[in-house]
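Shown next, in structure tokens, is the structure this report addresses.
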Amino acid sequence: IFSRKGASGFSWASTADQVTAGISAAGLTAIVTGASSGIGAETARVLAARGAHVVMAVRNLAAAEAVRQAVLAETPGGSVEVMELDLSSLASVRNFAADFAATGLPLNILV
């Protein structure tokens, strides 16, 4: 039952690259929380590869910068930036929101 593909043609084993193949995110801005590791880093990588401007919203700026450099090495010309955000702090959330609003970028995708 777990190996069957659903109506979409994808299954639990499908990768983000497979699911987004042929899809362009050019012109879109995506904020990805937790993008300094794990599924957040993978989400940021794939969105950047599909052409989105990615804002990595993270607590650990050093770890995020390492991920950003790896994403840019894999996606030359990609657009990825790092901004500090600690979701456990309302003050941090407010600061992030103000800083993001000040960029004038649209928010098309929030992960």
With a 4.5 Å cut-off on side-chain heavy-atom distances among I, L, V, M, F, W and Y, is there a chain of contacts connecting [X] to [Y]?
{"X": "Val111", "Y": "Phe10", "result": "no"}
{"X": "Leu110", "Y": "Val32", "result": "no"}
{"X": "Val67", "Y": "Leu61", "result": "yes"}
{"X": "Val93", "Y": "Met83", "result": "yes"}
{"X": "Val80", "Y": "Leu28", "result": "yes"}

Looking at every heavy atom in both [X] and [Y], which two are closest together, and how far apart are they?
{"X": "Leu47", "Y": "Ala30", "answer": "CD1-CB, 3.7 Å"}
{"X": "Ser36", "Y": "Val58", "answer": "N-CG1, 3.6 Å"}
{"X": "Ala57", "Y": "Ile31", "answer": "CB-CG2, 3.9 Å"}
{"X": "Val82", "Y": "Ala64", "answer": "CG1-CB, 3.8 Å"}
{"X": "Ala13", "Y": "Gln18", "answer": "O-OE1, 4.1 Å"}
{"X": "Ala16", "Y": "Val46", "answer": "CB-CG2, 3.6 Å"}

Side-chain contact test, heavy atoms from C-beta onward, threshold under 4.5 Å: evaluate it for [X] versus [Y] and give yes or no.
{"X": "Phe96", "Y": "Val55", "value": "yes"}
{"X": "Met56", "Y": "Glu65", "value": "no"}
{"X": "Thr43", "Y": "Ile39", "value": "yes"}

| field | Interatomic spacing from CZ in Arg59 to CG in Leu87 - rounded to 0.5 Å | value |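 Reported to 0.5 Å precision, the distance equals 8.0 Å.
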| query | In Å, rounded to the nearest 0.5 Å, how long is the span from CZ of Arg94 to CG of Leu85? | reply |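 Between Arg94 CZ and Leu85 CG, I get 13.0 Å after rounding to 0.5 Å.
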| query | Judged by atom type as modelled, is there a donor-acceptor pair below 3.5 Å linking the side chain of Asn108 to the main-chain atoms of Thr29? | reply |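 Yes: the side chain of Asn108 pairs with the backbone of Thr29.
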| message | Main chain of Thr20, side chain of Arg50: is a donor-acceptor contact present, judged purely on distance under 3.5 Å? | response |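 Checked: pair present.
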